[in-house]
Amino acid sequence: MLKNKIMSHKATVAVVGLGYVGLPLAVAFAQKGYKVKGIDVAQRRVDQLNQKKSYITDVPSSAVAAVVKKGNLEASTDFALLKTADAIILCVPTPIKKRYTPDVSYMTSACQSVAKYMRKETLVVLESTTYPGTTEELIQPILERGGLKAGKDFYLAFSPERIDPGNKTFDVTRIPKVVGGLTPKCTELTAALYGQIIKTIHSVSSTRAAEMTKLLENTFRIINIGWINEAAMMCHKLGIDIWEVVDAAKTKPFGFMPFYPGLGVGGHCIPEDPLYLYWKAKKYGFSSKFIRLSADLNHNMTAYAVERVKELLKDKGKSLAKANILVVGVTYKKDVRDLRKSPPLRLLELLKAQSSVDYYDPFVPYLNITGISMDSVLLTPALIKKYDCVIIAVDHTDVDYALIARHAKFIFDVKNVYKGKKLKNIETL
Ligand SMILES: NC(=O)c1ccc[n+]([C@@H]2O[C@H](COP(=O)([O-])OP(=O)(O)OC[C@H]3O[C@@H](n4cnc5c(N)ncnc54)[C@H](O)[C@@H]3O)[C@@H](O)[C@H]2O)c1
């Protein structure tokens with residue numbers, strides 16, 4: 001019966017947690033004609049959606065407006081909306097507490113609320129990135145507290161979100177979806193549901209395999225980014241241009257995938273997800289050396305960048321303490337507004353403690369977060385000339401790099417935006 005409702009688009013789909021992951025998903029289901037109930041604890045987000053406005057760069061307000069106007073998307077902070085839901089998808093945060101420990105409080109709190117209103121024959125899918133075993137060990141017991149049995153009275157599955165904010169080619173509907181249910185029926189229903197908005201569905205044998213898939217992907221990234229950052233530091237000592245070497249290596253049509261150096265890893269995923277795996281493996285007496293090493297390597301890149309700037313300024317007869325520095329780009333990656341765990345923010349903090357520093361970022365007009373309260377400057381020739389060093393920390397598309405190159409005394413180009421052009425006064429990481 002549930003499958004028929006899903007296939008005929010008559011099922012009501014609820015999305016709990018309307019952030020970078022939940023909102024695109026909610027809009028995608030609503031665009032396919034499903035009645036979607038969006039639940040979030042943040043009143044401001046709910047109000048914005050009901051006023052037909054988006055707060056996520058990748059989801060245009062016009063898309064939100066169209067589905068809200070049609071009556072296909074309704075947002076609320078009230079979990080009672082779940083009473084009518086046939087499928088409930090959980091997209092809440094999974095941050096890290098201090099000392100490499102997962103903070104599962106968002107998942108437990110959301111599940112407790114879901115358990116209050118969930119009916120028989122409902123499909124519940126967890127999308128939040130988390131350690132292998134979460135769905136069965138943490139989510140299932142909470143959902144069963146009301147007396148319903150998972151796999152029998154309701155269906156339970158894990159399906160990792162693999163969205164890449166800012167990626168114009170692969171939106172949520174174009175990324176193959178991995179699904180793993182508690183039982184084959186749970187997997188079948190989950191595959192049927194996502195199959196309505198996503199072309200390629202890949203089913204795995206268990207919720208654990210699906211949970212581990214996402215962690216394998218993100219850990220692969222943190223390790224490779226750690227390695228390329230180490231290689232960049234090594235190449236600098238050897239007097240070799242790492243960017244030239246990566247460009248050469250990537251001409252190999254197999255067995256190599258390019259990663260690029262930078263200030264480390266940021267956002268809600270790469271710095272944290274591997275630590276969920278690290279924590280879980282520790283419980284089984286297994287200590288992952290790769291995860292620990294790459295997390296440390298990436299974390300230290302901001303301090304390394306400051307040391308490089310210090311040396312480069314010294315060569316020009318200027319001490320860091322007396323220097324005026326401009327950091328261009330403060331988000332964790334290009335073309336997004338997301339500041340979570342952003343390495344350029346660590347860079348700003350380190351520089352602020354030792355010199356005079358401003359920032360420019362077209363996505364972030366002001367900063368008011370722990371330890372930093374600043375406004376973005378406006379780039380003018382006169383202002384650029386004032387700085388002893390301009391650090392290109394993020395390669396946003398909409399920055400006038402030519403203007404910077406024309407007027408800057410000196411540029412430390414962390415992202416190689418000038419692509420090795422032989423411009424004087426430019427050094428790369
Ligand atoms: N951002 C990404 O690129 C990305 C990609 C893939 C997977 N993920 C994973 O998806 C999950 C969500 O990440 P995100 O980036 O969308 O986070 P987010 O912070 O952008 O959104 C989470 C939303 O959940 C809401 N929320 C918190 N507690 C809640 C509760 N108890 N009930 C209802 N709503 C609640 C918050 O108010 C927020 O709007 C995380 O596990 C993350 O690791 C994120």
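In what follows, residues are counted from 1 in the order of the sequence shown.
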**Prompt:** Should the heavy atoms of other residues, nucleotides or ligands under 6.0 Å from CZ of Arg221 be counted, would the total exceed 12?
**Reply:** no
**Message:** For the CG atom on Asp296, are there more than 12 heavy atoms of other groups (residues, nucleotides or ligands in this structure) within a distance under 6.0 Å?
**Reply:** yes
**Prompt:** Hey, mind stepping through Val179 and Ile201 against side-chain contact (heavy atoms from CB on, under 4.5 Å) and telling me if it holds?
**Reply:** CA-CA 7 Å; Val179 301; Ile201 307 293; 4.0 Å; yes
**Asked** Does a salt bridge link Arg346 with Glu349, judged by any charged N lying under 4.0 Å from a carboxylate O?
**Response** no
**Request:** Give a yes or no on whether Leu378 atom CG has more than 12 heavy-atom contacts from other residues, nucleotides or ligands under 6.0 Å away.
**Result:** no
**Message:** Within a 6.0 Å radius of atom CZ on Phe170, are there more than 12 heavy atoms belonging to other residues, nucleotides or ligands?
**Reply:** no
**Prompt:** Taking 4.0 angstrom as the limit, do Lys177 and Glu127 come out as a salt bridge?
**Reply:** yes
**Asked** Any idea which heavy atoms bring Asn218 and Cys269 closest together, and the distance?
**Response** ND2-CB, 3.7 Å
**Item:** Cationic N near anionic O, under 4.0 Å, Lys280 to Glu211
**Value:** no
**Asked** Which heavy atom of Leu263 sits nearest a heavy atom of Pro343, and at what distance?
**Response** O-CB, 3.3 Å
**Donor-acceptor contact present, side-chain Tyr276 to main-chain Pro95, <3.5 Å** = yes
**Message:** Could you check whether Asp388 pairs with Lys409 (Lys NZ or Arg NE/NH1/NH2 to Asp/Glu carboxylate O, under 4.0 Å)?
**Reply:** yes
**Request:** Report the C-alpha separation of Asp40 and Thr77 in whole Å, then their side-chain angles, then the decisive distance to 0.1 Å, and conclude whether the side-chain contact (heavy atoms from CB on, under 4.5 Å) test is met.
**Result:** CA-CA 5 Å; Asp40 203 292; Thr77 55; 5.9 Å; no
**Complete:** Closest non-hydrogen atoms of Thr331 and Phe363, given as atom of the first, atom of the second and distance, are CG2-CB, 4.4 Å
**Prompt:** Can you find a heavy atom in the side chain of Leu126 that is under 4.5 Å from one in the side chain of Met107?
**Reply:** yes
**Message:** Side chains of Ile96 and Thr101, heavy atoms from C-beta outward: is any pair under 4.5 Å?
**Reply:** no
**Item:** Audit row: Asp171, Thr173, side chain to side chain donor-acceptor pair (under 3.5 Å) steps and yes/no
**Value:** CA-CA 6 Å; Asp171 68 11; Thr173 63; 2.7 Å; yes
**Message:** Check this for me, if you would: do Asp164 and Lys333 make a salt bridge, where the nitrogen-to-carboxylate-oxygen distance has to be below 4.0 angstrom?
**Reply:** yes
**Prompt:** Under 4.5 Å between any side-chain heavy atoms of Leu347 and Val306, yes or no?
**Reply:** yes
**Asked** Judged by atom type as modelled, is there a donor-acceptor pair below 3.5 Å linking the side chain of Ser294 to the main-chain atoms of Phe290?
**Response** yes
**Asked** Thr428 and Asn416: side-chain donor and acceptor closer than 3.5 Å?
**Response** no
**Asked** Heavy-atom count around Gln51 CD within 6.0 Å, excluding the residue itself: above 12?
**Response** yes
**Request:** Determine yes or no for a side-chain-to-main-chain donor-acceptor pair under 3.5 angstrom, with Ser128 supplying the side chain and Val92 the backbone.
**Result:** yes
**Message:** Checking side-chain polar atoms at under 3.5 Å, does Tyr359 have a donor or acceptor matched by the opposite partner on Asp375?
**Reply:** no
**Message:** Between Arg308 and Glu427 (salt bridge meaning N to carboxylate O under 4.0 Å), is one present in this structure?
**Reply:** yes
**Message:** Using only atom types and a distance under 3.5 Å, with no angle test, would you say the side chain of Arg337 pairs donor to acceptor with the backbone of Thr57?
**Reply:** no
**Request:** State whether the number of non-hydrogen atoms from other residues, nucleotides or ligands found under 6.0 Å of Lys199 atom NZ is greater than 12.
**Result:** no
**Prompt:** Taking all non-hydrogen atoms of both residues, which atom of Pro24 and which atom of Gly19 are closest, and how far apart?
**Reply:** CD-O, 3.6 Å
**Request:** Check step by step if side-chain contact (heavy atoms from CB on, under 4.5 Å) holds for Tyr20 and Arg340.
**Result:** CA-CA 12 Å; Tyr20 286 91; Arg340 290 177 294 182; 3.1 Å; yes
**Message:** Whether the side chain of His407 engages the backbone of Ile384 through a donor-acceptor N/O pair (distance < 3.5 Å, no angle test) should be reported.
**Reply:** no
**Item:** Val16 to Val114 - nearest heavy-atom pair and separation
**Value:** CG2-CG2, 4.4 Å
**Request:** For Pro176 and Arg162, work out which heavy atoms get closest and say how close.
**Result:** O-NH1, 2.6 Å
**Polar side-chain atom of Asp361 near backbone of Val330 as donor-acceptor pair, under 3.5 Å** = yes
**Asked** Would you say the side-chain atoms of Thr251 pair up with the backbone N or O of Asp247, donor to acceptor, closer than 3.5 Å?
**Response** no
**Message:** Could you tell me if the side chain of Leu379 sits less than 4.5 Å from the side chain of Leu326, heavy atoms only?
**Reply:** yes
**Request:** Quick one: do Asp358 and Tyr387 satisfy side chain to side chain donor-acceptor pair (under 3.5 Å)? Show the steps, please.
**Result:** CA-CA 9 Å; Asp358 289 327; Tyr387 298 106; 2.6 Å; yes
**Message:** Within the structure provided, determine whether Pro132 and Leu277 are in side-chain contact (heavy-atom separation under 4.5 Å).
**Reply:** yes
**Request:** Kindly assign one of parallel, tilted or perpendicular to the pair Phe259 and Phe220, based on the angle between their ring planes and the thresholds 30° and 60°.
**Result:** perpendicular
**Request:** Answer yes or no: does atom OH of Tyr304 have more than 12 heavy-atom neighbours from other residues, nucleotides or ligands under 6.0 Å?
**Result:** yes
**Ionic contact status for Lys316 with Glu311, cut-off 4.0 Å** = no
**Request:** Would you confirm whether Asn72, through its side chain, and Gln31, through its main-chain N or O, come within 3.5 Å as a donor-acceptor pair?
**Result:** no
**Item:** Check: Thr134 side chain, Tyr131 main-chain N or O, donor-acceptor pair, under 3.5 Å
**Value:** yes
**Prompt:** Would Lys32 and Gln196 satisfy side-chain contact (heavy atoms from CB on, under 4.5 Å), going step by step from the backbone distance to the final call?
**Reply:** CA-CA 8 Å; Lys32 282 281 175 190; Gln196 305 310 305; 5.6 Å; no
**Message:** Main chain of Leu182, side chain of Thr207: is a donor-acceptor contact present, judged purely on distance under 3.5 Å?
**Reply:** no
**Asked** Tyr278 vs Tyr100 aromatic rings, parallel, tilted or perpendicular, using cut-offs 30° and 60°?
**Response** perpendicular
**Asked** Is there a side-chain contact between Ile88 and Val15 (heavy atoms, below 4.5 Å)?
**Response** no
**Exceeds 12 heavy-atom contacts within 6.0 angstrom, atom NZ of Lys386** = yes
